[in-house]
Amino acid sequence: MRIAHAAWRKASFAAAIALVAALALVAAACGSSSPSPAGSSSGGGAPIKIGFFAPESGFAAADGASAHDSAQLAVKDINAAGGVNGRQLQLVNYDDASDPKQAVTIATRLVTQDKVTAVVSGSYSDQTLAAAPIFQRASIPVLAAYAVNPGIPATGDYIFQQDFNGIVEGRAGAVALITNLGAKKVAVIAIKNDFGTSLVEGFTQEAKALGATIVATDYSQFGEKDFAPILSRDKSKGATGFYMAQYYSEGQQFINSWNTLGFKYPLVGTEGIDSTTQFFEPVGAKADGLVFTTPFNRDSTEPAVQNYIKAYTAAYGHAPDMVGATTYDSFLVLAQAMKTKGTSPSQIRDGIAATTNFVGVTGTIQKYINGQVVKAVDLQIIKGGVPRQYATLDDPQLITP
Amino acid sequence: MALLEIDSVTVRFGGLVALREVAFDVDEGQFISIIGPNGAGKTTLFNAIAGVIKPSSGRIRFQGREVQGSNPSHMSHLGVRRTFQVARPFASMTVRENVRLAAAGRQVLQSARALGLRGRVRPLADRVDGLLETTGLTADARRRASELNIGGLRRLEIARALASEPKVLLLDEPAAGIGVDGLRPLAELIGGVHHRGLTVLLVEHYVGFALSLSDRVIVLDEGTMIAHGTPEQVRNDERVITAYLGKAGGGQGARPPAVPTGPDAPGER
Amino acid sequence: MVLSSLINGIVLGSLYALIALGPTLIYGILRILDIANVAGLTLGAYTGLKVFEATHSLLAALVVAMLASAAFGYLLQRFLYRPILGRGPLIPLIAGIGVFIAMEEVFRLVFGPYPLDFPATVPLPTVHVGGAVVTGVQLLILIVGIAVLVGTWYSLRRTRLGLLWRATSQDTETASAMGVNTGLVIATIFLIGYALAAISGVLLGINYNTVYPTMGDIPAYKMLAIIVLGGLGNPLGTILAAMLIGLVETFVVAYLGFVLPRDAIAFIVLIVILLVRPQGLLPGESFGS
Amino acid sequence: MSYMIVVGVTVVIYAILTVSLNIIVGYVGQPNLAQGAFLGIGAYFAAVFSTRYHMSFWLTIPLAFATAGVAGLVLGAISLRLREDFLAITTIGLNFVIVAVFQYVPFFGGAVGIYAIPLPSIAGHQFSNNAFLTVGLLMLAFVMAVSKYLEHTWFGASLMAIRDDETAASSVGVPVASYKVIAFTLSAAFAGMAGSLYAPFLSAVTPTSFGFIESVIVLAMLIFGGLGTIRGAVLGAVILGALPEAFRFISNYRLLMFGAILLLMLRFQPEGLVGEGSVLVKLTRRATEELRRRRHKGTTDSPAAGV
C-alpha cells in the first residue's frame, strides 16, 4: 500500500509537469490569434475610447495623480465642448503602479479587451517603453505625455512624444545659463536616469558650442538629500554657474543646500522641478532667481492656458504642473487629429503626424519629427516663490531634435 | 601502538584551567568511560578529542598522526565519530532518511554521485536496514525524526554515527534524560556495538551505567585525572570516593552516586 | 571642507543612529528585523506635521507623534509579530516588509500622494564653527540624538528595564523561567522603539522640510545595513555603524562626488566589513560591554 | 484572451522565479532576497546579446542562464559564509549593488537601459503572446522537473539536512559550504533563464525594474504558497501574480489589498497555502487517508462477502 502510495505521488507529480508542458502545447496550438483591428470607426454616436495609464500607486503616485487628474479634466472639457465630430470621448484608465510588467498587461488589455482607439501614457519611461511596442504592433497611436526616453518614439510610427526631447531641453538650458545669465564656467548636477543623462548630453553639446567650460558633471540618485558637499566641490573647482537637472523632491533639497551655503550664482533648472505642490509651494521664495526650462508657460496669454489653469485649480484645489499640462495637451492633440483626419487609429496617427502650429496649454506645437514634438522651450524664473515668464527660446536649430 | 593517544593535554579558558595534563591511551577495541562530578572537564576533554576545541598544550594522536586542533569534520573523516548530547536529527526527514544520508557518506556526497537518485543503491539500502535493526529503529523507520522520543533520538544518533563506519565512537552522555526503564536496552545496544569490535569512548553521568560497560574508566575532577583503571579499581579508589562525596554533599554512602546531580557546568560550551 | 564634512557626517550619522536604534532594541529582544519600524517613522512624521499645523508647537508635535507611533508599535507586536515568532526569521521579516508597503499605501490614501512641507522653525541659532556652518535643525538633531543615545545607554545599563532587556535578549526562555514578564518587556521595547521612530520621522520632516508617503524607503534599507553592520542587536555597535556610514557617505560625496548611489555605498561598506568580520563591528547584544 | 495570456506569461515568469528560489530558501533554508536582481542579470545579458550582438533568442537562453549562474556563484561564495539574518540583509544589499552596476556601467546601457529588444522568432515567424506563454511554460516545466529530481538525489537530501541542522549535516559528511553555493548558483541561474524570457517579452530593460521590491515580491509569493514545496511555489506565484489584475476594479486600493492578503496569510497560516503542515494539506492528507482506508476495507471485505 505504501509503495503504491509513493508511486501514486510520483505519478501525480509527473502528471503535474506533463500538465504544464501540455498547457504549453495548447498555448502554442491556440496560434497567433492576432488582435482584431480595434475600434474601427463605426457607429456615429458611440463614444471614442481613449486608453490611459499612470502610476497612481507606488513611489511615483504624486506624478501619477497629476497626470490622471489632468486626463480626466481634458476628457471632460473636450466632451463639454461637444466632443469630436459629435462623438464623446471615453477615458479607459489604469494604474500601472510603476511596474513595467503591469504596463504590458495594461497595454494588451487596452488593445484586445477595451479596444481603445488611441492611448495617452501618463507614466514614466520604464512603463511607456514596455507598453509602446504592443500599441505599435496593434497600430494604435500613443502619445507619451512626459516620458523622455529616446527609445519611446524610436519604437515606431504610431508612437509620439508630447514633451520635448531631452537633448533639446538640455541645449535650451545651456543657452539660458550661458547666453542669458552669462555664466562661463559651469557645473552640472543631474539625476542618474534617462531624463538626467539626455539633458546633460544636450547641455554639454550646446555649452561647449557656446564657449563655456564645464568644470564638473555629477549624477545623483533619487532621494538624494544633501547637495552641499557637491556644491562646495564645484565652487572650489571654479564654477560660476550651475545646471541642476533634478526632480522636484531632490530639487527642493538642492535649494536647501544652495541656501545653506549662501550661493548667489546663476542657477538653471529643468521641467523636472516644474511642480506646484511639490516644488514651488514648499520652496517658496528660497528659490528666487532660479531659471528653469519647461513647456508650460503659466503667464501665457493664450486662453487655452489660462482656462486650463483655472479649471484645474477649481477642480483639484491646487495649481497644475508640467506633468498635468503635457497630459492635458496630449488629449487636445488627439482631439485635433481626430477632427482633421478622422477617428480610426490610423487616421488619428496621420492626424498627429500632420499637426502643424497647434496651440495647446504647453505652447505652440510646430510639428512632429520622427514622433518627437517640435515646440519652443519656455524659460521661467521664480520671483517671490512664483514661476514667471522669463524668455522663450524658439530658434529652429535649437529646438529641432 | 595505541589507536588514540592523549598526551598531557591541557585546556585553558581565559584564566580557568579546564583540563590539566590529562594523558591516557585508547587501544583498538577498548571501551573506555570518562566520569567525574560536575565541572570535572569531561565534555571539554571530549571536545578536544573530537576536534571542537584546540588544546592549549599537549598532543592528541590518532593512528600515530597528530590531530590536535583539527576540525570536527576532519576527525569524522578520519573515523572518529561523535554523537551529540542534545540529539540533532534532521527533523524534516524520516528516521530511515536520516540514517541513509549518513550511510551515503563522504564518498557519495562529495562527488558527482550525489546527483544520483537515492533509491538506486541496493547495498546501501541493505546496510541501512541492518543499522536500523541493530539500533532497534526498524519499526520507526518511516516516522519523521522529529516525532521520536528522547530514547529514539539517542538511538538515531547512534545509528547515524555507526552509518559512517567509524573506527572510534565518541558517545556524549547517551543516557542523559533517559528514564531508568530505558537504560538497560541502551546499555545492550552500546555493549552490542562494542562487542562487534568497535572502539568506544563514553562520557557519562550515570556512573553505574558507565562502569557496567567499560573495560577501563578514567575519572576526572576539576580538570585533573584522579584515577585510571578497571571499573573495580576505580570503584574502590579513595580519591574517587572523596571527590564524589565532596561534590555531592554526602549521604550517598561510600560509593559514587548512580544518579546525576545536575547538568555539567563549565567547559560545556 | 574637512571640518564641514565631519560635521555633516556626524549629523547624518546621528539621524541614522536615531532611525536604527529602535529596530536594534527590537532585534535584540525578538530577533526580528523590524522593517515596519520605518512605517512608524512616517506615521510619526505625518502625525507630528498635523499636530504642528494645529498647535504650532514643536513639543506637542513630538509628543503626540511619539504616542501615535508607540501605539502602532504596540499593536504590531501584539497582533502580528508575537503570534508568528516561532516561525523562523524569514516570516516575520516578510511580514514586516508587508506592513511597511501596506502602510505607505495607507499614507497615500489618507494624506494624498503629494509631499507636504513641514514648515517648523527650530528655536536654535545657526552656529559657525571655524568656517563650517551648523544650522539650527542640525543642532537640534545633534542635541536630540545625543540625549536619546545617552538616555538609551543609561536605561539599558542602570535601570531595571535595561536589566530585563539584557536578560530577555540573551535568553528569552531562561528570563521567563526566572520570573521576568517577557511579554511586558517586549511590549515596552516596542513602545520605546516606535517612539524613537517617531522622533526620527519628525526630525527628518523638519530637516528636509518634506513629508511624503514613501519617505521611509531609503531609511528602511539603510537602517538594515546599519544594524547588521553594528553586529545585530548591539545598540553601541549600531551607533558606531551609523556614524561610520554617515561619515563615509559624506566624505565620499565631498571628495569623489556622487560616484555611486548612497544605498550602494552603505551596502558595499557592509559587505566588505562582513567579509573581514562576519559577526559585524560589535557582536553580541550587550550595551557597551 | 490575449490579455489573459499576457497575464499568464507574467505569472509564469514569477513561477519560474519562485520555484528556483525554493531551491535555496526552501530546501537549504538560506534566506535570499536577491532573486529579482538575478532575474535582472539574466534579462540584461539577454538584452545585450540580442540587441548588440544580434544573437538569436534561443541562444540567449543558455547565455542568460550561465551569466546569472556565474554571478550567483561569485556572490554566493562571498555571502553564504554569513548566517541567517546577516545573510538576509547582505542579499538585500546585493539588489542595490547590482542595480547600481546596471545604472553605472555603459555596457548595460546606463540609466537609459536597453530598449527595442527584438521579438524572438521561430521558423521565421515572430513570437506571439502564445509563443511567449509556450516557451515560459516549457521553462517552468523544466525548472519544476529539475527541482523534483533534486529532491530525490543525495544532493537534495543533503540540502535539506543543511536546512535542518548544519553542524549535524557536516558531521555526516555533507560539504555544507560548497553545497550552499551550488544551490544558490542553480537558483540564480534559473532566475537568469527567466530573464531571457522577460527581456524580449517587455522589449525593454531598465535598471530600476529589478530592485529590492521585485525580490521581496518573489519571496513573498514563495512563502505565501508554502516554503519548501514546488506546488507551493507555483501556487503562490499564480495567486499573488494574478491578484493585482484581479483587483483592477479597485485600482486605488490594489497594493493595499495585496499587502493585507499577504499579512493575513503570514499571520494565520505561516506554513503557506499548501506548504507542509498547512491546514489545506493536512485536510487533504486526512481525506485521502480516510479514502484509502475505506477502499482497503472494501477490498478485504468484498471477498468475505462473496463467500
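For clarity, every value in this text was computed on a predicted model and none was experimentally measured. Quick note: numbers below take in every heavy atom, side chains included, and nothing from hydrogens, waters or symmetry partners. We name chains A, B, ... by the order of the sequence lines, and we start the count at 1 in each one.
Side chains of Y44(D) and F210(D) form a contact here, defined as non-hydrogen atoms less than 4.5 Å apart. Side chains of L219(D) and V216(D) form no contact here, defined as non-hydrogen atoms less than 4.5 Å apart. Between I89(D) and I92(D), the closest side-chain pair of non-hydrogen atoms falls below 4.5 Å.
Of the inter-residue distances, the one linking I189(C) atom CD1 with L196(C) atom CG reads 9.5 Å to the nearest 0.5 angstrom. To the nearest 0.5 angstrom, I91(C) atom CD1 is 9.0 Å from I94(C) atom CD1. The distance from the CG atom of L12(C) to the CD1 atom of I245(C) is 10.0 Å, given to the nearest 0.5 Å.
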Stepwise ring pair (Phe, Tyr, Trp, His ring centres under 6.0 Å) test for F108(D) and F45(D): CA-CA 8 Å; F108(D) 295 112; F45(D) 274 99; 5.5 Å; yes
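Of the residues considered (P92(C), P89(C), A266(C)), P89(C) shows the highest number of contacts with chain D, using heavy-atom pairs under 4.5 Å. When each of L82(D), V101(D), V25(D), I213(D) is checked for heavy-atom pairs under 4.5 Å with chain C, L82(D) comes out on top. Counting heavy-atom pairs closer than 4.5 Å to chain C, the top residue among A260(D), P31(D), A88(D), P270(D) is P270(D). When L109(C), V106(C), L270(C) are compared by the number of non-hydrogen pairs under 4.5 Å with chain D, L109(C) comes out ahead. Between chain C and the residues L33(D), L227(D), I223(D), V99(D), the most heavy-atom pairs under 4.5 angstrom are made by I223(D).
Side-chain contact of S170(D) with T167(D): a donor-acceptor pair under 3.5 Å is absent, judged by distance alone.
For I84(C), the part sitting under 4.5 Å from any heavy atom of chain D is the side chain, from C-beta outward, and nothing else. Heavy atoms closer than 4.5 Å to chain D are found in the side chain of I97(C), but not in its backbone. For L93(C), the part sitting under 4.5 Å from any heavy atom of chain D is the side chain, from C-beta outward, and nothing else. Within the 4.5 angstrom heavy-atom criterion, no atom of I98(D) approaches chain C. Only the backbone of A225(C) comes within less than 4.5 Å of a heavy atom of chain D; no side-chain atom from C-beta onward does. There is no contact between F268(D) and chain C, counting heavy-atom distances below 4.5 Å. With a 4.5 angstrom heavy-atom cutoff, L33(C) touches chain D only via side-chain atoms. Proximity to chain D is limited to the side chain of I271(C), based on heavy atoms less than 4.5 angstrom apart.
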Can you pull out the donor-acceptor contacts between chain D and chain C, under 3.5 Å, including backbone atoms?
unit_1  : atom_1 : unit_2  : atom_2 : d
R81(D)  : NH2    : L275(C) : O      : 2.7
D85(D)  : OD2    : Y27(C)  : OH     : 2.3
N252(D) : O      : R108(C) : NH2    : 3.1
N252(D) : OD1    : R108(C) : NH1    : 3.0
N252(D) : OD1    : R108(C) : NH2    : 3.4
R267(D) : NE     : F79(C)  : O      : 2.9
E271(D) : OE2    : R87(C)  : NH1    : 2.7
E271(D) : OE2    : R87(C)  : NH2    : 3.3

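Between A188(D) and A68(D) the shortest heavy-atom distance is O-CB, 3.4 Å. I226(C) and A242(C) get closest at one heavy-atom pair: CG2-N, 3.7 Å. The minimum heavy-atom distance linking A95(C) with L263(D) is given by the pair O-CD2, 3.3 Å.
A search for ring-ring contact (aromatic ring centres under 6.0 Å, His included) contacts involving Y179(D) returns F155(D), not counting sequence neighbours.
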